[in-house]
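In what follows, a single structure is set out as structure tokens and then discussed.
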Protein chains: 2
Amino acid sequence: MRRSPTIADVARAAGVSKGTVSFALNDRPGVAPETKARILAAAAELGFHPSHRARALSHSRAFALGLVMARPAELLGADPFFPAFIAGVETELAKVGQALVLRVVTGGWDEEAAGYRQFAEDGRVDGVFLSDLRVGGDPRLALLEELRLPAVTLQPPDASPFPAVALDERTGIRAAVEHLVGLGHRRIGHVTGPQEFVHGRGRRDAWRDALAGLGLPPGPEAAGDFTAAGGADATRRLLRDGEPPTAIVYANDLMAIAGITVAHELGLSIPGDLSITGFDDTELAGHVHPPLTTVHMDALGMGRAAARTLLRLVESGSAESIELPPTELVVRRSTAPPRSGGASLPPPRAEHPRSSS
Amino acid sequence: MRRSPTIADVARAAGVSKGTVSFALNDRPGVAPETKARILAAAAELGFHPSHRARALSHSRAFALGLVMARPAELLGADPFFPAFIAGVETELAKVGQALVLRVVTGGWDEEAAGYRQFAEDGRVDGVFLSDLRVGGDPRLALLEELRLPAVTLQPPDASPFPAVALDERTGIRAAVEHLVGLGHRRIGHVTGPQEFVHGRGRRDAWRDALAGLGLPPGPEAAGDFTAAGGADATRRLLRDGEPPTAIVYANDLMAIAGITVAHELGLSIPGDLSITGFDDTELAGHVHPPLTTVHMDALGMGRAAARTLLRLVESGSAESIELPPTELVVRRSTAPPRSGGASLPPPRAEHPRSSS
DNA sequence: GTGTGGAACCAAACCGGTTTGAGCGACGGG
DNA sequence: CCCGTCGCTCAAACCGGTTTGGTTCCACAC
């Protein structure tokens, strides 16, 4: 069982003290060039790598950032955001030798709070990412302040002591609405995300504002929860309406795809009878039937920006918020001009409902 | 800036030495009951939490496990496995105060190897999970042995010095094939995963063996890569065949869903003209059109089992492999008896292709 | 010759826990 | 009464780095 070499081994091999080795390896002044070369050679020779644990202890830092993923279990596998976000975070962290520590909580708020609390008390991370901000004062903000744990929020909440990485979702949603209106739609519904979340609320507001901005009356909306099942239910409610919309803007792709399915099952053709737009631009969006017009969201870029911001915050005690490039609409084939007279459900019990072209 | 209390503070408050506090907090014998009570009270009073960093240093352990996610960037958001797997791992780790450290590599093998190497050299983790095993001697096995990094493999590779957490995928695939044959299908194709991976290979072999076991001739297969685009391409190749299959077994849901779309675009009705089965049972599987018959895979349970096994391995130096309950088929509506005479492509340029019922 | 300054280096303290070896008082047995 | 044992506690060493406060040595100015 060969022990990996320590700084003392290097010092012995180079004939200097531990302190000098430390200075040499960290490029600090006060080490003679030839000494430094000798030390570096010895370190390379021995295959020395500084112990992360020891550095963490003496620096009183973890050299790691934390992410608490709070999601109901059934949504975890379907959520496209976290994996891409994590990938973005990691590319930045790997560059600077830091690590990402993950916690998954599927329970409620108590469990989530315990997650952050443990991160702070154990000193496992130097800062955390805060996703899924809640409107009206997210309780985690106060918690993290109490715990003195630096944080970066994804999307700016109502009020926050922390820097935010903001992704302009409004532009993409507005583009979707304008695209639909340009096709001739006038009655455009929305299947929302949970309204207690900043992003759920923000997307709904963007949809409302876009309609209002075009001088159109408010459209019908149905509450979704970002799950496929929730999206399907919401879609049924919208379509059962006496005057159903000719187009529906969904708060995410998962619900939109479930919505397409519901429409099919009701015998509606997409986009002939009903136009549909999503949000996220998941990999599947381009491969469902019909391919989904949706708003592209750069979760990876968000991860990178958030990581850079949080690193800076941890390092220097302050960091500025970042505004990412606005989201863009990706037009595919789930949107088209409405049938004249708007969508209407086909006669009940249709044996051979029309399909999309 | 209030410093968080250390063990020395507790010792002072309780009027004992650091060592005694350590013994008391770790439930080790040799501390008088009243002394222990006094120490615990002092610790609670001060809000003491042992520093993870210091424990890690003195134990020469990280109290963390690592996972290297190697995926091309575009697949990261669509892969249902990792999030659920991670959730399973985390539930076990949280119980014992350990953490999960993540590394994401989107590049090639060099980058992936560097990931494991860094984990080992930095001493950031005590062990790692090995997913996506390659057939024919995964090079990571030798690497990890060289690095002396304990590991648990997901699926047993050809030969391995490490314990494995095995999920019986064969049973589910066989059930899918038997289900299709029971419906009357005789020509059953397969869209594979990458054959350099144990799970890609294993699923294909299971499909082949199931056909052979039922006395049927080999079916046509097309190489996929677990991506939607790859699944779509493979589906087109299968269906363009002179004698296309009446049913296709896909190696994962993502490709199966893309396959449904391709079939729709070719004017085929699912399941009327073509039956389709997937693998994974993603959230979306039940919400596409038609709902997908697929093999349920318990990624969460796999995560839990893998975490328990790896913890045991790290703790005691050895752990036994685990066999999880076999995968099961979930029958939905993408499978049905074949049209008499088997599937045939409709006349070209069909303006109003039939749709599913 | 002495004083001064800076470069190079070292020894020791420190981060905050765990672990070891020894000390001490009480108690029981011979 | 003495000794061995046991139960309890402490001081010190240790994990492997970083950082501080000297110390040594040499060049140069006065």
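Here is the naming used below: chain letters follow the sequence lines, and residue numbers restart at 1 for every chain. As the structure is a computational prediction, the values presented were derived from the model and not from experiment.
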So what does Gly15(A) touch, heavy atoms closer than 4.0 Å: a base, only the sugar-phosphate, or nothing?
sugar-phosphate

Angle between the two end axes of the helix from dG1(C)-dC30(D) to dG30(C)-dC1(D), five base pairs per end, rounded to 10 degrees?
70°

Nearest 0.5 Å, please: how far is CG in Leu57(A) from CZ in Arg55(A)?
12.0 Å

Could you run down nucleotides 11-18 of chain D 5' to 3' and tag each one B, S or - for protein heavy-atom contact under 4.0 Å?
----BBBB

Taking atom CD of Glu196(A) and atom CG of Asp138(A), what is their separation to the nearest 0.5 Å?
11.0 Å

Would you give the length of the straight line joining atom CZ of Arg140(B) to atom OG of Ser160(B), rounded to the nearest 0.5 angstrom?
10.5 Å

Indicate yes or no: does Asp27(A) engage Lys36(A) in a salt bridge with an N to O separation below 4.0 Å.
yes

Going by the angle between their ring planes, with limits at 30° and 60°, are His199(B) and Phe197(B) parallel, tilted or perpendicular?
tilted

Quick one, Val165(B) with Leu324(B), criterion side-chain contact (heavy atoms from CB on, under 4.5 Å). Give me CA distance, side-chain angles, the key distance, then yes/no.
CA-CA 7 Å; Val165(B) 170; Leu324(B) 295 173; 3.8 Å; yes

Distance (rounded to the nearest 0.5 Å) between Asp9(B) CG and Lys18(B) NZ
11.0 Å

State, to 0.1 Å, how close Tyr116(A) and Phe129(A) come at their nearest heavy-atom pair, and which atoms those are.
OH-O, 3.9 Å

Produce a footprint string for nucleotides 22-28 of chain D: one letter per nucleotide, 5' end first; B if the base is under 4.0 Å from any protein heavy atom, S if only the sugar-phosphate is, - if neither.
-------

Sort out for me which residue in Glu146(B), Glu111(B), Glu112(B) forms a salt bridge (Lys or Arg N to Asp or Glu O under 4.0 Å) with Arg117(B).
Glu146(B)

Between Glu92(B) and Lys95(B) (salt bridge meaning N to carboxylate O under 4.0 Å), is one present in this structure?
yes

